[in-house]
Colleague: 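One structure, pasted below without further comment.
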Amino acid sequence: MKIDQLKKEAHNTVKLGWFLFLRDFRYRFRQTYFGYIWAVIKPLLSALPIIIVGNQFDLAKNNPLQVNYAVFSFVGLMLWQVFWDSIVFPQWMLRRTRSILKRVPFKYWAVVLAGCFYVLFNLLIYIVLTAMVLIIYKISPPWTVFLSIFALIPLILSGLSIGIFIAPLTLVYLDLRYSLPTLASILLWSVPVAYVTPDKGLLSLVNRWNPLTFLINTPRAWLISGFNSSDWLFLLSFTLFFALFLGSVKFYKRAMPLVVEQIV
Amino acid sequence: MDNYKKADPGDVIIFDNVSKFYSLDIKITKRRTLHSIFFGKKRGWEEDERVRYVLRNLTFSVKEGEKLLVLGPSESGKSTIAKLICGLAYPTEGKVTVKGKVRYVTSTPVASNPLMTLNEYSHLLAMVCGADARHLSELCNGILNDCELTDMKDTKIYDLPGRILKELVYYTMLYIDADIYIFDNTLRLDRSRFGDLCWNKIEKILKERTVVILKKDIQHLDERVIKYLDKVLIIEEGKTVSFGPYAKIFGLNYRTNMNEKKEDIGKQPSYSVYHNGNISDRDEQQRQTSYPVYLVINRILREYKKTNSKTGEQAPSLEELLHVNLRKELEEILDTSKTIVLGPYISDVGVEFTYWIPFLRWLIHTYKLDSRRIIAISRCGARLWYEDLGVEYLDISDLMDDSELAEYFRTITTGWNMKQFYLTVGEKEILKRAAQKAKIHDYSLIHPALMWNLFLPVWKRFLPLDFIYNYTAYEPFNHLCWNKKDTFGLPENYIVVKFSFFPYFPQTRENLSFLDELIRILARNFNVVSLHTDILVDRHKEFNYDANGLYEIRDKVNYKNILEIQTKIMSNAALCLGVLGNIISFAPYLNVKTLSIYSNREAGTLPVTLTLYESYISRFFKSTYSALDISKMGVSDVVDVIEKCYIAD
């Protein structure tokens, strides 16, 4: 009986999250001239300058995957984008639904789920775009490509571990929201997304101690070339993020009733 | 009240010593919130921290299926209670326990998006309200069908009138099941098709679920709802004034009376049972009346004194506080397309035309009210005064038989105080009968308490007289229309006299002998019409003089027409002579010369009212108004003044 009740509750929460996502999604694209094309154009436009500049300076010289720089950086950027979306969308949705939150008692988790639907929608586009890039550059992925798709789940959970943590805070304090664009570029360049980790120097140190490095590098390798000797670090990094995720879930549960009152 | 540590297992809402305060320092609020978010516990007071208490040590409980009515003036903490129950706020101290799914009923469109279709929005709204996703489509179809919106389900919200959206939201809130329903001033019970539709749902909810109704006062609460109420919590400034069973709090078994009424409509309860003018005892008054509105002014005055003493010049002025309070009240009352009922006015005659009617005129002009949908209720034939405002008029005498009317006036005029600082149960009965007579089911009420509370600080000399000018519109009663040839058998030229006793003209031996002599001299020299009758309209005693040589009107008047007859007689007079505060002071409004007398200028409200007449109202009238201090004049001096006035006419 209790399990049935829990299942029903979970189903209702997911459905509510879906409706909240649809509400926001429609509003987002129905007001534009190009409509849903923007969903495709945006990741392309954000990746293009990095690819051009990186190509010019040969940032991926001697990359271990032995592929064209455009493929190397584009796949890395798409993976990075999945991670970043998972950070941004929970707080984005929370802010978009704050008028509901302060007026009606309802399930707070539905808002996070609505953010997850955004992440999944973008993920579909990234997968299609990545597949197109692989076809254009005539790269045939190894069988580990399936692992790379599964690796997206830990990547999303890792992003959510930060996203869920900062979401309630951005409802009350805009500091984090204002600092997100800056944080994005700092985090992006702290991870070897569009370049190869140098052998020495500060950047080398940052890359090697940054758990995000392995969350991006390993799935990219699985997609393009196959297994790598440092794949276990992917699991270690994910374990760290999973612990953070559990902590964030607890934090979100405790913080939401407190911040709802402070919403203006 | 005992703590609820040993809570009854049947309790679904428990407030255990709950306090809620907000820090007035935004920096401290930020720090406290951040601390609570991270460490999950509240910080104590900070040094020199100033806080605003919203709720203080509130303890009550509601059992499953019970209906609780929470009464309290604006800013008394009602909405905070609702938010605490809903989980939209958390207590600063104490504990709130709520068992079950809570529905905060509102008609404000939540989660709407103008680009969604009505069907899409209906689905989202239903989910927000906690509908079961497995039956969502059927549920939404049912809601749209009941609201007769099926044809519009594919229309974008942007293209729909706001009313439709509000109705959809409200009905969805009622339609989808919850364990506890909160109506924060949102009971919709109008007699429209949609109102009936909602009532069917509300009635079901009232029968089967736990309900909390939050209202400012009980006067607008429908009888259909009242009969379901189990408990009442009256709060004032966040503190419990009273909590207990409905019947105990209001001191009468309303339900029994309601049932009697249904069984025998003609057998109406006696007013003396319902009405008690005594407000000297706070508990007694609460039992006998609906929500004590007069507390509002006490609260404002207290708040004013408190803030003024603390922050000096930075504190909001009393005028500002009263103004904000009035605007709030009026916004709540007037934001409807319902019939507006003014009254019932049953208090002092002088206050009625000096303050109440000018206040109503200001209200009608300021808020551009359609006078065709206004009904004023007063008594004793004040019809002409209200018809001058262009509104419809209902007299209390039309609502009672003669014996009941006489009993009613005997009760209210012999009571300790008949000032209308709150709506009494007797007045509520009058309103009920008026609604039946006028065939109106739902109306907005502007009760004289609004004016009494607003002007009290001026009468108590907390505020200058100018304050009253902001909320009144004085005009001569030019529109009075009747057959002026109706002379009531009186001579062509006459002086009207009527003397009543007020604090500034007390019933002393000197004053009585002064009046005796004055009347005798006047009766010898002029045609004098006495407006004195045995009918007591308000509580001011009249001078009972020897009527020899005077024209009398006793045989012409009764409770139904006394004010009308007196008004007509005064309008044809050459001069009216009396005491400020009784009907004589209406003469200037009729452009009739008026002389009033007093013996103690500083007593009661005379300084205020006299200044109002002499320096403000008089500029609107063609005739003259004079007041004579008889403590400094002999009878012959007064007669000289009267002669001069009379001859000048």
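Lettering of chains follows the sequences in order, A, B, ..., and the numbering in each one begins at 1. The basis for the numbers below is simple: all heavy atoms, side chains too, and nothing from hydrogens, waters or symmetry mates. Keep in mind that this is a model prediction, so the values were computed, not measured.
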Colleague: Using non-hydrogen atoms only, which part of Arg254(A) is less than 4.5 Å away from chain B: side chain, backbone, both, or neither?
Modeller: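 Answer is side chain: those atoms of Arg254(A) sit under 4.5 Å from chain B.
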Colleague: Between chain B and each of Leu258(A), Thr97(A), Val259(A), Val172(A), count heavy-atom pairs under 4.5 Å; write down the option with the most.
Modeller: Leu258(A)
Colleague: Within 45° of the axis and under 6.0 Å from the centre of the six-membered ring of Tyr22(B), does NZ or CZ of Lys20(B) qualify?
Modeller: yes
Colleague: Does any backbone or side-chain atom of Phe38(B) lie under 4.5 Å from a heavy atom of chain A? Answer side chain, backbone, both or neither.
Modeller: both
Colleague: Establish, for the pair Lys253(A) and Tyr108(A), whether the NZ or CZ atom is under 6.0 angstrom from the six-membered ring centre and no further than 45 degrees off its axis.
Modeller: no
Colleague: Do you know which of Lys8(A), Lys15(A), Arg23(A) has the most heavy-atom pairs under 4.5 Å to chain B?
Modeller: Arg23(A)
Colleague: Quick one: what part of Val14(A) sits under 4.5 Å from any heavy atom of chain B, side chain, backbone, both or neither?
Modeller: neither
Colleague: Given a strict heavy-atom distance threshold of 4.5 Å, which part of Phe165(A) is in contact with chain B: side chain, backbone, both, or neither?
Modeller: side chain
Colleague: Which one of Val102(B), Leu115(B), Val110(B) has the most heavy-atom pairs closer than 4.5 Å to chain A?
Modeller: Leu115(B)
Colleague: Check Pro91(B) against Val18(B) and note the closest heavy-atom contact, atom names and distance.
Modeller: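 Closest approach of Pro91(B) to Val18(B): CB-CG1, 3.8 Å.
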Colleague: Under a 4.0 Å N-O cut-off, is there an ion pair linking Arg96(A) with Asp24(A)?
Modeller: yes
Colleague: Going by the angle between their ring planes, with limits at 30° and 60°, are Tyr118(A) and Phe89(A) parallel, tilted or perpendicular?
Modeller: parallel
Colleague: Side chain, backbone, both or neither: which part of Ala131(B) has a non-hydrogen atom closer than 4.5 Å to chain A?
Modeller: backbone
Colleague: Among the options Leu136(B), Thr108(B), Leu34(B), Thr106(B), pick out the one with the most heavy-atom pairs lying under 4.5 Å from chain A.
Modeller: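 Heavy-atom pair counts peak at Leu34(B).
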Colleague: Heavy-atom pairs under 4.5 Å with chain B - which of Thr13(A), Leu20(A), Asn12(A), Ile100(A) has more of them than the others?
Modeller: Asn12(A)
Colleague: Just wondering, more than 12 heavy atoms not from Tyr178(A) lying within 6.0 Å of its OH?
Modeller: no
Colleague: According to the interplanar angle, ranging from 0 to 90°, do the rings of Trp38(A) and Phe34(A) count as parallel (below 30°), tilted (30 to 60°) or perpendicular (above 60°)?
Modeller: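 Aromatic pair Trp38(A)/Phe34(A) classed perpendicular.
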Colleague: Please work out whether the ring planes of Phe21(A) and Phe121(A) are parallel, tilted or perpendicular, with thresholds of 30° and 60°.
Modeller: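 Tilted: the ring planes of Phe21(A) and Phe121(A) meet at 30° to 60°.
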Colleague: Among Gly87(B), Ala89(B), Pro114(B), which residue forms the greatest number of heavy-atom pairs with chain A at distances under 4.5 Å?
Modeller: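 Sorted descending by pairs with chain A, the first entry is Ala89(B).
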